[in-house]
Protein chains: 2
Amino acid sequence: MTAIARSDDVRRQNRRLVLGALRDHEQLSRTGLHRRTGLSPSTVSAITSDLIMEAILREQRDPDMPATRRGRPQVALGLNPDAAAIIAVVLSLNSLSASLIDYSGGIIVDRQARLETLGMTRRELVAAAQAMIGELVDHSARTGARVLRIAFAVQGITDSVARTMLWSPISPHSDVAFADAIEDAFGIPVTVENDCNMIAVALQARDSERYRDNFIAVLLSHGIGMGLVIKGDLFTGTRSSAGEFGHMNHVPDGALCRCGRHGCVEAYAGSYAIWRAALCHDPDETPASDVPEQEIASLAHRARERDGPERRAFDKAGEAIGFGLGSLFALIDPAPVAFVGHGAQAIDLLEDPIRRAIAKTAGGQHDAALTFLVEPNEAPLIREGCALRALTYVDREIFSGSPAQPSDARQDVA
Amino acid sequence: MTAIARSDDVRRQNRRLVLGALRDHEQLSRTGLHRRTGLSPSTVSAITSDLIMEAILREQRDPDMPATRRGRPQVALGLNPDAAAIIAVVLSLNSLSASLIDYSGGIIVDRQARLETLGMTRRELVAAAQAMIGELVDHSARTGARVLRIAFAVQGITDSVARTMLWSPISPHSDVAFADAIEDAFGIPVTVENDCNMIAVALQARDSERYRDNFIAVLLSHGIGMGLVIKGDLFTGTRSSAGEFGHMNHVPDGALCRCGRHGCVEAYAGSYAIWRAALCHDPDETPASDVPEQEIASLAHRARERDGPERRAFDKAGEAIGFGLGSLFALIDPAPVAFVGHGAQAIDLLEDPIRRAIAKTAGGQHDAALTFLVEPNEAPLIREGCALRALTYVDREIFSGSPAQPSDARQDVA
DNA sequence: CTATTTTTTTCGAGCCTCGAATTAAAGAGG
DNA sequence: CCTCTTTAATTCGAGGCTCGAAAAAAATAG
C-alpha cells in the first residue's frame with residue numbers, strides 16, 4: 001500500500017511468478033510457463049534465460065522422450081537442485097530433527113536425535129540445534145551446495161520479528177533466541193516458525209484442490225495447535241505466530257491447562273486432558289507431561305465399546321473443539337477443517353460432539369458447508385512445510401533480485 | 001502472489017501512492033509529495049501533471065500565504081472536490097442516513113430518516129434506501145458532480161462478494177441484496193460493509209498515531225460488534241465481513257443471545273443483556289429489542305453507587321468482554337482496544353472485570369501493553385469511515401487506471 | 001529433400017522511473 | 001531597480017521492463 005514501485009519491481013515479481021510455477025509443477029517448458037503465468041513468450045524467454053545464466057534453472061533435456069507431436073519439441077525447464085540448499089529443522093517434545101535439502105526440494109541428508117527437551121537449559125537447547133545444523137552445513141560444504149536459509153519449526157508460540165521461541169510446551173524456558181545464535185554461528189539467515197503453520201503450508205502444497213484459499217489445520221496431539229490459511233495466505237498474528245486455537249477460552253475458570261491457565265480448549269481436548277478426564281481425575285490436576293499414544297488409543301477403544309467415563313472424556317474434548325471452532329468461525333467465517341496428528345485417529349468419537357457444539361454457535365449457520373478431513377501423521381507434514389517455507393524464502397528474497405552473482409554457482413561436484 | 005506485473009502497474013501503484021498521501025495530508029506541494037512518497041521529483045511531476053490534466057488534482061494557490069522563505073514558493077496540490085462524488089449510506093436500527101460527499105471528503109448534502117426497520121419487508125428496506133439515494137443522485141446531477149461509488153454501512157454481517165446484508169439485528173430478513181438493486185437503479189457500483197469495520201477505518205484515519213497497524217475497535221451498544229485492523233489492513237473473513245466478536249462463545253449453553261443461540265459474549269455484554277441481568281430476569285428470557293440509553297445510564301449510576309444486581313450485571317458484562325478479548329488475543333496477539341458506542345460510557349465499571357478476565361487467558365501474558373481507549377459516539381465514526389472507504393475505492397479503482405476521460409470533469413457550476 | 005508445424009528467440013515500440021541539468025519564481029542586498 | 005541567491009518544478013536522456021510481430025530453430029510428414 002505504502003510501497004513505492006520501481007521499474008525492476010516488475011521483473012522481480014515476474015521472476016517470482018516463474019519460480020513459483022516451477023515449484024508447483026516441477027517441469028514446464030517455456031510455452032508451458034507462458035500458458036501458466038500469462039506472461040508473453042518473449043518475457044518468459046527473457047526471464048528464463050537470465051535464470052539459466054544464473055544457474056537457478058536448468059534445461060532438462062529428456063533424450064528418451066520420443067517427441068510424439070510434430071514441430072520443434074518443447075524443452076523442459078526445472079529448478080536446478082544445485083542452485084542452493086536449505087536446512088529444515090523440526091524441534092518437538094524430546095525430539096530434534098534436521099534435513100539438508102536441495103533447491104528443488106530433494107532431501108540430501110537427514111539427522112535425528114532424541115533429547116530431553118524439558119530438562120535442558122536454554123543454552124543446551126540452542127547448542128543441540130547448532131550442533132546438528134553444523135553437521136549438515138559441513139556436509140553441504142563438502143558437496144559444494146550453498147545453504148542459503150535455515151528454517152525452524154517449533155511447537156509453541158514463535159515471534160516472527162525477533163525469530164525466537166516465545167513459549168513452548170517442550171521447554172520451561174521462554175523467549176529462546178534460536179535465530180540469533182544460529183545466524184551468528186553460520187552466517188545464514190534463520191527463521192523460526194510455528195509447527196502447525198508449517199502443517200498448513202504443507203497441506204496447501206500437497207493438495208491444492210482441497211486446501212487452497214481458506215482452510216484450518218488443527219493438530220490434535222498432546223496439545224492442540226492450529227494453522228490457518230485465509231484468502232490464500234498463512235495467517236499470523238500482529239507479531240507472533242499466533243493462531244493459538246488451543247488456548248482460546250472454552251469454559252471460564254474451567255479445567256487446568258498445561259499453560260497454567262484455566263478453561264482453555266486444550267485443557268479439555270489435549271491428550272493429557274482426555275486422559276485426565278477418562279480416569280476421572282480432578283480437572284485441576286497438573287497435566288501429565290506426556291501420555292503415550294497407545295494409552296490414548298486404548299482409551300478410544302474403550303470409549304467405542306461402551307458408555308462410561310472414557311466416552312464422556314472424548315465427548316467433552318469434541319465439545320471443546322467444537323465451541324472453539326464456532327468462536328473461530330464467528331471471527332473468520334467457516335472453512336474446511338483438517339484434523340492432523342495422532343489425536344485425529346479418534347475422529348469417529350469426536351466428530352459428533354464437535355458438530356453438535358458448532359451448531360450451537362455462530363458458525364453453525366453454514367454447517368452444511370463444513371467438511372472435516374483427517375491426516376493422522378503430523379511429523380512428515382511439519383518437515384515438508386518447513387522445507388517448503390525455507391525454499392520459498394530463497395525464491396522470494398534471494399533469487400528475485402537481479403544483482404545476484406551471475407555464475408560461480410556451477411561449482412557442483414562431478 | 002499469483003498476479004502478473006506489467007509495466008503500467010508501476011504507474012498505477014505510484015498514482016495510488018500520490019492520491020493516498022493527499023488523502024492523508026489534505027495539501028502537499030510536489031516537493032512534499034516527493035519527500036512523503038519517496039518518488040523522485042521528476043516522477044512526482046509526471047504523475048501530478050497527469051492527474052491535474054484529468055482534473056483529479058488541482059493547484060491551490062494561496063495568495064494570502066506570505067512566502068516566509070526565500071526561493072521559489074511551493075504550490076500546494078489538493079484533491080479536486082469536483083473530480084467525483086460518493087454517497088455514504090448508514091443503516092442501523094430504526095434509522096437510515098445518507099450523505100453526498102465530494103471527492104475531497106466534504107459533505108455536500110445530508111439526509112436522515114427514522115424508520116421501523118424491524119417491521120419492514122425486505123422490499124421496503126431496499127426501497128427506502130433507494131429513495132434516499134435517489135434524492136442525493138438527483139442533487140448531484142444538478143450540481144454536475146458525478147457519483148462514482150455508493151457505500152453502505154449496515155449493522156450485522158455482510159457478504160463482501162455478493163455485497164448483501166447476510167444477517168442483521170435490525171431486520172428479520174436475511175441476505176438482503178442491497179447492492180444489486182441499487183446498482184441496477186442508478187448504474188453506480190455499490191459496496192456493503194459492516195458498521196464496525198467502518199469505525200475501525202475512521203479511527204485509523206482520525207488518529208494514525210494511536211491506531212495504525214494493529215488495533216481493535218469494539219462497539220458496545222445494544223449488541224456487540226468489532227472492527228479489526230491487523231498489520232495495517234482491515235481484517236475481513238474468508239467471505240463475509242466476519243469479526244463477529246459479539247458472537248464468540250463465552251459460556252457453553254449460557255444466556256440467550258439476540259441471535260437465537262446461547263452463551264455468546266453479547267448475551268452478557270450487550271445493553272439488553274446488562275439490563276436483563278440487572279433486573280434479575282431469567283437469562284433465557286427473549287432479549288428486549290431495544291433498551292433506551294438512559295435506562296442503561298441509570299443502571300450504571302446505580303452500579304457505581306452501591307453493590308447489587310446492577311453492579312454484578314456490569315461485572316458479568318466486563319467478564320464476558322474480557323474472556324472474549326482473551327480468546328481473540330490467543331488468535332491474533334494482543335493489540336490496543338478502542339471501546340466505542342454509548343456502552344463505553346460505563347467503561348469505569350467494565351475495565352476492572354475486563355482486565356481480570358484477560359489476565360486469566362492467554363492474552364494476559366502481555367497485559368502491560370494493553371491500552372484501552374474510549375470513544376462514546378459511534379454514529380459519526382461510522383459515517384466517516386464509510387465515506388472514506390468509498391473514496392478510497394474511487395482512488396484505487398477509478399483514478400489509478402490511466403485510460404480515464406481526460407477532461408470533461410471541469411463542468412462544475414459557477 | 002522440401003513443406004509443415006510448433007517452440008523459442010530477436011527486435012522495435014511504448015511504457016515507466018530516475019538523475020542531472022535546466023528553467024521558474026520568489027527574497028536579499030546594494 | 002537590478003543582480004545574486006535560494007528553493008521548486010520541469011525537461012531530457014539513459015536504462016529497465018513487457019509485449020507483439022517477425023524471424024529462426026528444430027522437429028515430423030510426405
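In what follows, chains are A, B, ... by sequence order, proteins preceding strands, each numbered from 1.
For C:dA26, the base has no donor-acceptor partner in the side chain of B:Arg72 [N/O atoms by modelled type, under 3.5 angstrom].
Distance, B:Leu39 CG to D:dT10 P: 14 Å, rounded to whole Å. Between the CZ atom of A:Arg6 and the P atom of C:dG19 there is a distance of 9 Å, rounded to whole Å. C:dT9 atom C1' lies 16 Å from atom CG of A:Leu51, rounded to whole Å. If you measure from atom CG of A:Asp50 to atom P of C:dT10, you get 12 Å, rounded to the nearest angstrom. Across the protein-nucleic acid pair, A:Met53 atom CE and C:dT9 atom P stand 11 Å apart, rounded to whole Å. Atom CZ of A:Arg69 and atom P of D:dA26 are 18 Å apart (whole Å). The distance between atom CZ of B:Arg70 and atom C1' of D:dC4, rounded to the nearest whole Å, is 8 Å. Rounded to an integer number of Å, the gap from NE2 of B:His34 to P of C:dT17 is 15 Å.
Here the side chain of B:Pro41 is nearest to one of C:dA28, D:dT10, D:dT7, namely D:dT10. The listed nucleotides are C:dC18, C:dT17, D:dT18; the one nearest the side chain of A:Ile4 is C:dC18. Among the nucleotides D:dT10, C:dT7, C:dT9, the one closest to any side-chain atom of B:Ser45 is D:dT10. Closest to the B:Arg30 side chain, of the nucleotides C:dG19, D:dT18, D:dT10, is D:dT10. Closest approach to the A:Val10 side chain among D:dA9, D:dC19, D:dC17 is made by D:dC17 (side chain taken as heavy atoms from C-beta onward). Here the side chain of B:Pro73 is nearest to one of D:dG20, C:dC18, C:dA26, namely C:dA26.
Taking the side chain as every heavy atom from C-beta outward, B:Leu57 and B:Thr48 approach each other to under 4.5 Å. Using a 4.5 Å heavy-atom cutoff, the side chains of A:Leu33 and A:Leu39 are not in contact. The side-chain heavy atoms of A:Arg30 and A:Glu59, taken from C-beta on, include a pair separated by under 4.5 Å.
With respect to A:Glu397, the salt bridge (Lys or Arg N to Asp or Glu O under 4.0 Å) criterion is satisfied by exactly one of A:Arg149, A:Arg12, A:Arg15: A:Arg149.
Within the 4.0 Å cut-off from OP1 or OP2 of C:dC16, not a single side-chain nitrogen or oxygen of B:Asn14 is found. Side-chain N/O atoms of B:Ser7 include none lying less than 4.0 angstrom from OP1 or OP2 on D:dC17. The side chain of B:Arg11 places an N or O atom within less than 4.0 Å of a non-bridging phosphate oxygen (OP1 or OP2) of C:dT17. Residue A:Ser42 places none of its side-chain N or O atoms closer than 4.0 Å to OP1 or OP2 of D:dC19. Not one side-chain nitrogen or oxygen of A:Ser40 sits closer than 4.0 Å to the OP1 or OP2 atom of D:dT18.
The pair A:Asp50-A:Arg11 meets the salt-bridge criterion, with a side-chain N (NZ, NE, NH1 or NH2) lying under 4.0 Å from an Asp/Glu carboxylate O. Using a cut-off of 4.0 Å between Lys/Arg side-chain N and Asp/Glu carboxylate O, A:Arg163 and A:Asp180 are scored as salt-bridged. Using a 4.0 Å cut-off between charged nitrogen and carboxylate oxygen, B:Asp159 and B:Arg239 count as a salt-bridge pair.
With the end axes of the helix from C:dC1-D:dG30 to C:dG30-D:dC1 each set by five pairs, the angle from one to the other reads 30° at 10° resolution.
Counting any heavy atom pair closer than 4.0 Å across all strands shown, B:Val75 reaches sugar-phosphate atoms only and no base atom. A:Leu77 comes within contact range of no nucleotide atom at all, as no heavy-atom separation falls under 4.0 Å.
Every residue two or more places apart in sequence or in another chain that forms a ring pair (Phe, Tyr, Trp, His ring centres under 6.0 Å) with B:Phe215 is listed here: B:Tyr211.
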